Amino acid sequence: MHKIIENAMERIPVLPHSMNCLFRVLKDPMANFDDLSAIVNQDPTLATQTLHLCNSAYYSFPVEVTSVSHAVTLIGMKTVAGLAMAAYFQGLLEPKGVSGSLWLGGAKDHVLATAQLAEFLVREMPVKESPGTAFTGGLLHDIGKLVLSRMPSEIATEVRNHMDEEGLSLLDAERIVLGTDHPEVGYRLAECWKVPEVIADVIRYHHMPMQSQYLLTLIVHVANTLVHQLNAKGPGVIEVSHIDPNVLYELHLTEDDVLTLVSNWIV
Ligand SMILES: [Fe+2]
Ligand SMILES: [Fe+2]
């Protein structure tokens, strides 16, 4: 199985130079607007797609955002960097074949919503984390599924059978069939890509947040759990009990706080 995962990893396209540069912007406390603008504006497609995301209904700015500099004044440099990454990664998350539909079905919407909710939580909570880093953590948390979506279809079918016949979650079925799971595979990809350490931690521990030392991983865990529930049941049926109580304790959140935050985010 180890070899099959290695082969799937090799099918992931080499990360473009612009994405490596964006990771450096996220890591570097001295990075400035000129650094970001140079990266995004040197690729016209990336610039257009980034502005398209800025002008989406989610942000609902009263005026059209027409330049990267304008976007930065509205939502901050690191969030614009996150949106530029979203513009690129959304293209990679297109589900193809049996493995693609298992691991990437709905992934484009799921990771964008998780990114936006994680960013929102950081802005609303009394924490010092960067909203842009929260956005990127949410965006990349399931990146291991991108690797697994390149696995042979027989393996996807085996994972699906465990889910259907035993009522297992995708995560548990991955562990049975692969001997590993998408967070661990994603972490290996994150190491290859040299993503900022905090983002790599989010990727590795978003399903086991109490093993993380980063507050941001706890926040992305909450965002991921809530987005899954919103997707499955709709906004009226959020069950905070699905979030590890230890996570809420660490974040100084009550169940009522979470419900209020989610309803404010949905409005
Ligand atoms: Fe996940
Ligand atoms: Fe997820």
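For ligands, and for the atoms within them, numbers begin at 1 and follow the listed sequence. Keep in mind that what you see is a predicted model, and the values were worked out from it rather than measured.
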Chemist: At their closest point, which heavy atom of G137 faces which heavy atom of V202, and how far apart are they?
Modeler: O-CG1, 3.6 Å
Chemist: Examine N224 and say whether one of its N/O/S atoms is closer to the Fe ion (ligand 2) than 2.8 Å.
Modeler: yes
Chemist: Will you find, in the side chains of D142 and H182, an N or O donor that is under 3.5 Å from an N or O acceptor?
Modeler: yes
Chemist: Could you check, using the six-membered ring where one of them is a Trp, whether H206 and H141 have ring centers closer than 6.0 angstrom?
Modeler: yes
Chemist: I'd like to know if E197 pairs up with K27 as an ion pair, taking the criterion as any Lys NZ or Arg NE/NH1/NH2 lying under 4.0 Å from an Asp or Glu carboxylate oxygen.
Modeler: no
Chemist: Go through the side-chain N and O atoms of T79 and E119 and say whether any donor and acceptor fall under 3.5 Å apart.
Modeler: yes
Chemist: Indicate if the distance from the Fe ion (ligand 1) to the nearest N, O or S atom of H182 falls below 2.8 Å.
Modeler: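 Yes.
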Chemist: Does the shortest distance from the Fe ion (ligand 2) to an N/O/S atom of H228 fall below 2.8 Å?
Modeler: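 Coordinating: no.
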Chemist: Quick check for you: with the Fe ion (ligand 2) as the vertex, what angle do NE2 of H110 and OD2 of D142 span, to 10°?
Modeler: 100°
Chemist: Check H206 and report its N/O/S atom nearest to the Fe ion (ligand 1), by atom name.
Modeler: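 Minimum-distance N/O/S atom of H206 relative to the Fe ion (ligand 1) is NE2.
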